[in-house]
> 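Next up is a structure, given as structure tokens.
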Amino acid sequence: MNRKIGGLVLLLAALVGTSALYACGSGGSPANPGEDASIGAGTDGAGSTVSPGTDAGETDAGEAESGETDGGTDAPEGSPSPCLGGNCNDVLTEHFDNLRTGLYGAETKLNPTNVKEATFGKLFELPVDGKVDAQPLYVEGVAVSGQGTHDVVYVVTEHDSIYAFDAETTPDAGGPLWTKTALLAGETPSDARSCGQVTPEIGITATPVIDLATSTMYFVAMSKIGGVYHQRLHAMDITSGAEKFGGPHEITATYPGSTMNEGNGTTLTFAPAQHKERSALLLDHGRVYTSWSSHCDIGPYTGWLIAHDPTTLANVAVYNNEPNGTEGAFWNAGAGPAADPAGNLYHESANGGFDTTLTTAGFPSKSDYGNSFTKLSLSGSSLSLVDYFTMVDEVSQSAGDIDLGSGGLTLLPDAVGDATHPHLLIGGGKDGHLYLLDRDDLGKFSADGGNRQIVQDVLLATGPTETSGTGEFGAGAYFDGAVYFGGVGEPLKRWEIAQAHVTTPPSSQTSTSFKYPGTTPSISYDGTDLSTAIVWAHENSSPPTLHAYSAADLTVEYYNSSQAAGQRDVPAGAGNKFMIPVVANGRVYFGTASSVVVYGLL
């Protein structure tokens, strides 16, 4: 076994036990069906049957809900596949794996001895034609059509363009290996939809996902022609940029429900103009998942999660988290839904309707889940909510636009749990709390106060007050018994976690406080030696700044891109929010408003 791959596989085994190989990827057995009591029927927008089953504005199971197929096949069975079927040196999904840990555990070139001003810095920038809001992806050893074998960085832009760059050569050595557009004849990218979140145009916003088993990259592109808006799922050959599987596929969906938001009182219909795909795509257990946000809080809209067949791009199942309410979108500052080894999905929704009147099983009487952690399970053509947690003050938080769904979540290793709570997740939102939850019993809703039914509520961890509206606008990372989060206007902080408990106060924090939107850290490590671990953080300054810290002690900063004389390492491109440093094979990449900046050994 390749030593880099072996190191990461051992780490993943520590994360999730004997099922570790699921952590990075797809394949494996069909998802655990969980609990499914469907509540009606509808269509997916293409005329086929669908069984039934809130939102965020960026500032700037008892009764399960389910959706059925439009003709997709059941998830393929087989042995699990590490890193989505490929080399663990590759970066194929948002935040490196489907647990969303933020860990790149195959970095053998960069370490604390050489990540310093004298030996590490900016190598070059890769110019592109629009904003880079999605995380770049990286694949080693791609047989590029007609151009030999290359290590490739894949970049998508809000101008609806897709680039494949050689990871080892400067852009003036011949430009990209290939570039394509997602636009059809006569189309342009969408306008900003009267919202300042993604400007001046909306094209490809969410981080794609790559399946190496089929050499396919999946992404969603928004476009318009005249006054008609389109959302399409694309499947692109990573060797050539050619569209695959009859794509692109127009996103359509319906869902039963009484809301008049995207509905007529009996059926909700997905409205492409009202949405953008902000949350990263997920590929797990043979399904591609898209989840949908709004443009600011401009209604009407609801929260949609759609499972697609990766070989036809057609809908397999549809879930809506506000069938009888309003809002409730998934945006998560670009973070993606997470998946556990059994194929259960976990997501955070934003402000929207929630019914404090519960069924005898503890589920909201109207099946609306604004500002909630949700756990869903796909079985065949049914995507069902099987558990949830909603904080005690959800109603007031939603009314005040204090979104939970401004942040993303991370699934934690069994090693930090205990006998009562072995399977944990952690995440937060604008209220500044970090919520530590048991994935086997998320906690549902309790009006008793204090959120005492969950494992732990870490108060004001990422924000100064519950109502400041700052808090978490990103996601955390996990490494070696610690979690890392950086809220808006706050330092990046490291908390130790063991025996299902986060130790407070944090064990260390950076001297730098990170302005909006805070920072989503990444961690690199060689797979064997803990002392090689580095925490990487993007600062949305002007110009943007890359920081590198000791993973064991965040007061130790190894490097930042403003240190070198003559602005040697300063990006030329303007800064951009929600950027995640991507570490791969000795280099660090992040997007700007007009480029991808590449750092490495000088």
> Return yes if some donor-acceptor pair links the side-chain N/O of Thr503 with the main-chain N/O of Ile497 below 3.5 Å, else return no.
no

> Sequence neighbours left out, what pairs pass salt bridge (charged side-chain N to carboxylate O under 4.0 Å, His left out) with at least one residue falling in residues 482-501?
Glu490-Lys493, Arg494-Glu496

> Assess whether side-chain contact (heavy atoms from CB on, under 4.5 Å) is satisfied between Leu282 and Asn98, documenting all intermediate values.
CA-CA 7 Å; Leu282 170 70; Asn98 285 358; 3.5 Å; yes

> If every non-hydrogen atom of Asp431 is compared with every non-hydrogen atom of Leu460, which pair is closest and at what distance?
O-CD2, 4.1 Å

> One pair to check against side-chain hydrogen bond (donor to acceptor under 3.5 Å, both in side chains): Ser384 and Ser382. What are the steps and the verdict?
CA-CA 6 Å; Ser384 307; Ser382 176; 3.0 Å; yes

> Out of curiosity, Leu425 CG to Leu436 CG, how far, rounded to the nearest 0.5 Å?
7.5 Å

> If we check ring-ring contact (aromatic ring centres under 6.0 Å, His included) with His347, which of these qualifies: Tyr289, Phe330, Phe373?
Phe330

> Given 3.5 Å as the limit, does a donor-acceptor pair link the side chain of Asn451 with the main chain of Met391, or not?
no

> Sub-3.5 Å donor-acceptor pair from the side chain of Gln397 to the main-chain atoms of Gly400, do we have one?
no

> If you round to the nearest 0.5 Å, how far is CG of Asn321 from OG of Ser372?
8.0 Å

> Whether the side chain of Gln274 engages the backbone of Gly299 through a donor-acceptor N/O pair (distance < 3.5 Å, no angle test) should be reported.
yes

> Given the rule in the side-chain hydrogen bond (donor to acceptor under 3.5 Å, both in side chains) test, do Thr326 and Asn261 qualify, once you have shown the distances and angles that lead to the verdict?
CA-CA 6 Å; Thr326 63; Asn261 282 274; 4.9 Å; no

> Once rounded to the nearest 0.5 Å, what's the spacing between atom OG1 of Thr410 and atom CG of Leu99?
9.0 Å

> Could you tell me whether the side chain of Ser294 and the main chain of Cys296 form a donor-acceptor pair under 3.5 Å?
yes

> Would you say Thr259's side chain and Asn324's backbone share a donor-acceptor pair under 3.5 angstrom?
no

> Would you say His433 and Glu466 make side-chain contact, with heavy atoms under 4.5 Å?
yes

> Looking at His295, Lys577, Lys276, which one forms a side-chain hydrogen bond (donor to acceptor under 3.5 Å, both in side chains) with Gln197?
Lys276

> Looking at Ser365 and Leu358, would you say the former's side chain and the latter's main chain have a donor-acceptor pair under 3.5 Å?
no

> Give the intermediate values and the outcome of side-chain contact (heavy atoms from CB on, under 4.5 Å) for residues Leu554 and Tyr484.
CA-CA 10 Å; Leu554 293 177; Tyr484 304 77; 4.1 Å; yes

> Do the side chains of Ile426 and Leu437 get nearer than 4.5 Å, heavy atoms only?
no

> Are side-chain N/O atoms of Thr290 and His308 paired as donor and acceptor at under 3.5 Å?
yes

> For residues His547 and Phe514, establish whether the separation of their ring centroids is below 6.0 Å.
yes

> If you compare all heavy atoms of Pro521 against all heavy atoms of Val535, which two are closest, and at what distance to 0.1 Å?
CB-CG1, 3.9 Å

> Test side-chain hydrogen bond (donor to acceptor under 3.5 Å, both in side chains) on Glu158 and Thr205; report intermediate values, then the result.
CA-CA 6 Å; Glu158 295 291 358; Thr205 306; 2.9 Å; yes

> Under a 3.5 Å cutoff, is there a donor and acceptor pairing between the side chains of Asp191 and Tyr229?
yes

> Is the backbone of Gly408 close enough, under 3.5 Å, to the side chain of Asn332 for a donor and an acceptor to pair up by distance?
no

> Considering residues at least two apart in sequence or located in another chain, which fulfil the ring-ring contact (aromatic ring centres under 6.0 Å, His included) criterion with Phe270?
His275, Trp292, Trp304

> Measure the spacing between CE of Met579 and CG of Asn540 and express it to the nearest 0.5 Å.
8.5 Å

> Just do the side-chain contact (heavy atoms from CB on, under 4.5 Å) check on Phe485 and Trp495 with the steps written out, would you?
CA-CA 9 Å; Phe485 285 87; Trp495 285 270; 3.8 Å; yes

> Would you check if the side chain of Ser522 reaches a backbone N or O of Pro581 as a donor-acceptor pair within less than 3.5 Å?
yes

> Quick one: does any side-chain atom of Asn264 pair with a main-chain N or O of Thr266 as donor and acceptor, under 3.5 Å?
yes

> I want to check something: taking the side chain as every heavy atom from C-beta on, are Lys131 and Asn576 in contact at a cut-off of under 4.5 Å?
yes

> Given side chains that start at C-beta, do those of Val156 and Pro208 come closer than 4.5 Å, heavy atoms only?
yes

> What are the two closest non-hydrogen atoms of Arg193 and Ile298, and how far apart are they?
O-CD1, 3.6 Å

> May I have the step-by-step check of salt bridge (Lys or Arg N to Asp or Glu O under 4.0 Å) for Lys430 and Asp401, ending in yes or no?
CA-CA 9 Å; Lys430 290 183 187 177; Asp401 193 35; 3.4 Å; yes

> So which heavy atom on Thr470 is nearest to which on Pro464, and how close?
OG1-CD, 3.5 Å

> How far does OG1 of Thr207 sit from CD1 of Ile580, to the nearest 0.5 angstrom?
6.0 Å

> May I ask you to test the Val502-Leu434 pair for a side-chain heavy-atom distance under 4.5 Å?
no

> Only pairs at least two apart or in different chains count here, so list each ring pair (Phe, Tyr, Trp, His ring centres under 6.0 Å) that has a residue in residues 443-470.
Phe354-Phe445

> Which atom names give the shortest non-hydrogen contact between Ala192 and Val198, and what distance separates them?
CB-O, 3.6 Å

> Check the pair Asn344, Leu376 against side-chain contact (heavy atoms from CB on, under 4.5 Å), reporting the backbone distance first and the verdict last.
CA-CA 6 Å; Asn344 298 301; Leu376 300 107; over 6 Å; no

> Which heavy atom in Arg100 sits nearest to a heavy atom in His95, and how many Å separate them?
O-ND1, 3.6 Å

> In terms of side-chain heavy atoms, does Thr510 have a donor or acceptor partner in Thr512 at a distance below 3.5 Å?
no

> Could you give me the CA-CA distance, side-chain angles and deciding distance for Glu394 and Ser398, then say whether side-chain hydrogen bond (donor to acceptor under 3.5 Å, both in side chains) is met?
CA-CA 6 Å; Glu394 190 282 338; Ser398 281; 2.5 Å; yes

> Between Gln499 and Asp418, do the side chains contain a donor N or O and an acceptor N or O under 3.5 Å apart?
no

> In Å, rounded to the nearest 0.5 Å, how long is the span from CG of Asn371 to CG of Asp403?
6.0 Å

> Do Arg232 and Phe219 meet the cation-pi criteria used here (NZ or CZ under 6.0 Å from the six-membered ring centre, within 45° of the axis)?
no

> Phe389 and Tyr435: ring-ring contact (aromatic ring centres under 6.0 Å, His included), yes or no, with the steps?
CA-CA 10 Å; Phe389 165 68; Tyr435 297 100; 5.6 Å; yes

> So do Asp340 and Arg439 actually touch side chain to side chain, heavy atoms under 4.5 Å?
yes

> If you define the side chain from C-beta out and look only at heavy atoms, does anything of Asn351 sit under 4.5 Å from Asp297?
yes

